[in-house]
Amino acid sequence: MSAEGSGKGRRRKPRSKGRKGLLITAWVAAGIVVLGGTGAGYLYFKLNGNIKSVDIDQVLGSERPTKVDNGSENILVLGSDTRSGSNKELGGGTDDGSARSDTAMIIHVYEGHKKATVVSIPRDTLIDRPECTDTDGKEHDAASDVMFNSAYTTGGATCAVKTVESMTDIRMDHYLEVDFSGFEKLVDELGGVTVTTTKDIKDTDSHLDLKAGPHKLTGAQALGLVRTRHGVGDGSDLGRIQLQQAFIKALVKQVKSVGVLTSPKKLYDLANTATKAVTTDSDLGSVNSLVSFASGLKHISPSDMTMVTMPVRYDPANPNRVIVQETKAKQIWTALENDRTIPKSATEGTATGQAKGVVTS
């Protein structure tokens, strides 16, 4: 079953006017924006002006999955790299000016906002990309058996959202894109993130060289860790995802400790860096919107976050590509749509990257 066809036959209706909100997610550290957003006057407008937004609802129109009004929220989070400007100096980047999404995940925040599930989507997954229109109004043809991250490369945020909704038949309530160079600065502003590695990790492509043991990662090291695929595991994108998921939990733990800081300047610097690092959907394109939703997530701790990867198997024709295990993936999408816990059977017997447990917090 193709990704494009998975949503056929389902009743769709215009967008619900349900609760608006934001997930700053683990990547951008929700607490930072909450803490830093307390400034007034000039500081408020400066932070507001940092935030870039995309009107995804207007571009995609009403032909989208129905908004399920059960108190849950689904947010598509992308880690992006323009491969130009400040990003070209970062590990793995090339100065070709293109925009790429190296990281993709669906964050499902359950009713009550006390727990969340993160579903990572391997960038190398072969999918059927639907036709889509980008924010400049340019139309892009559908394509079969292409890599998942080609949706973002082809048409940016709107094509990425449409592709994910086509794959899952779940409406993405919000969109959050994190720029890699901003991510690096954010980790440095936090004072680093503490992790423990159970094996040596060395990858010249991502400028990473970590011996087994405890580390307080700088921004450059953290970025290298979430981007490496050859330094540990089987060298696949699946191994990189396992490292990313472990780092996210460490980052959430670090962000929660920021609450003890008392320096207004430090808090503002964190908020300034975080808001510069993100692009959101238009509903979240203000400090007020970010603060409102982030405040509702403050009770979610690392132990309340379930991390899974979309079920896939290696492509027999190309070991560098993976194919969706549709039956198991459907179990995940059905669970999220109904705000339920993902069954264990959905993630058993799927391809893994052999890097689980290499990074702990």
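Remember, it's a predicted structure, so these values are computed and weren't measured experimentally.
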Partner set under side chain to side chain contact (heavy atoms under 4.5 Å, CB included) for T360, not counting sequence neighbours: T196
Sub-4.5 Å side-chain heavy-atom contact between V119 and L336: yes
Side chains of E177 and S80, donor plus acceptor under 3.5 Å: yes
Interatomic spacing from CE in M307 to CD1 in I241 - rounded to 0.5 Å: 12.0 Å
CG on L243 to CD1 on I201, rounded to 0.5 Å: 5.5 Å
Heavy-atom side-chain proximity of L238 to T352 below 4.5 angstrom: no
Which residues share a side-chain hydrogen bond (donor to acceptor under 3.5 Å, both in side chains) with N318, sequence neighbours left out: none
S181 side, atom OG; K276 side, atom NZ - distance, nearest 0.5 Å: 11.0 Å
Atom pair CG/CD1 of L284 and I75 - distance to nearest 0.5 Å: 8.5 Å
Donor-acceptor pair, side chain of D304 and main chain of S301, under 3.5 angstrom: yes
Aromatic F180 / basic R227 pairing, under 6.0 angstrom, 45° off normal: yes
Side-chain ion pair, R171 and D57, N-O less than 4.0 Å: yes
L126 CG to D145 CG distance, which is reported to the nearest 0.5 Å: 6.0 Å
Residue among T197, L217, V358 satisfying side-chain contact (heavy atoms from CB on, under 4.5 Å) with L225: L217
No-hydrogen, no-angle side-chain donor-acceptor test under 3.5 Å, S120 and Q244: no
E111 side-chain N/O to G71 backbone N/O, donor-acceptor pair under 3.5 Å: no
pair L190-L251: side-chain heavy atoms closer than 4.5 Å: yes
Non-hydrogen side-chain atoms of D237 and P122 separated by less than 4.5 Å: yes
Salt bridge D173-K67, side-chain N to carboxylate O under 4.0 Å: yes
Any side-chain heavy-atom pair of L223 and H207 under 4.5 Å: no
Results of salt bridge (Lys or Arg N to Asp or Glu O under 4.0 Å) for D124 - residues two or more places apart only: R229
Any side-chain donor near an acceptor of the partner, S289 and S286, under 3.5 Å: yes
Under 3.5 Å: donor-acceptor pair, side chain of E131, backbone of H140: no
Pairs involving residues 310-361, ordered by first then second residue, that meet disulfide (SG to SG under 2.5 Å) (sequence neighbours left out): none
Flag side-chain contact, heavy atom, 4.5 Å: M147 against R321: yes
Heavy-atom side-chain contact between N272 and L47 under 4.5 Å: yes
Under 3.5 Å side-chain donor-acceptor pair for H174 and N74: no
Distance, nearest 0.5 Å, that separates CG of D209 from NZ of K202: 5.0 Å
Under 3.5 Å: donor-acceptor pair, side chain of K249, backbone of M305: yes
Partner residues of T218 under the side chain to side chain contact (heavy atoms under 4.5 Å, CB included) criterion, sequence neighbours left out: D188, A220, Q221
Under 3.5 Å side-chain donor-acceptor pair for Y110 and E73: no
Same cluster (ILVMFWY, side-chain, under 4.5 Å), W333 and M172: yes
Side-chain donor or acceptor of T228 paired with backbone N/O of G224 under 3.5 Å: no
Disulfide (SG to SG under 2.5 Å) contacts in which one or both residues fall within residues 127-214, not counting sequence neighbours: C132-C159
Distance-only polar pair, side chains of S150 and R129, donor-acceptor under 3.5 Å: yes
In one Ile/Leu/Val/Met/Phe/Trp/Tyr side-chain cluster, 4.5 Å: V68, I332: no
Student check: side-chain heavy atoms of T117 and I342 closer than 4.5 Å: yes
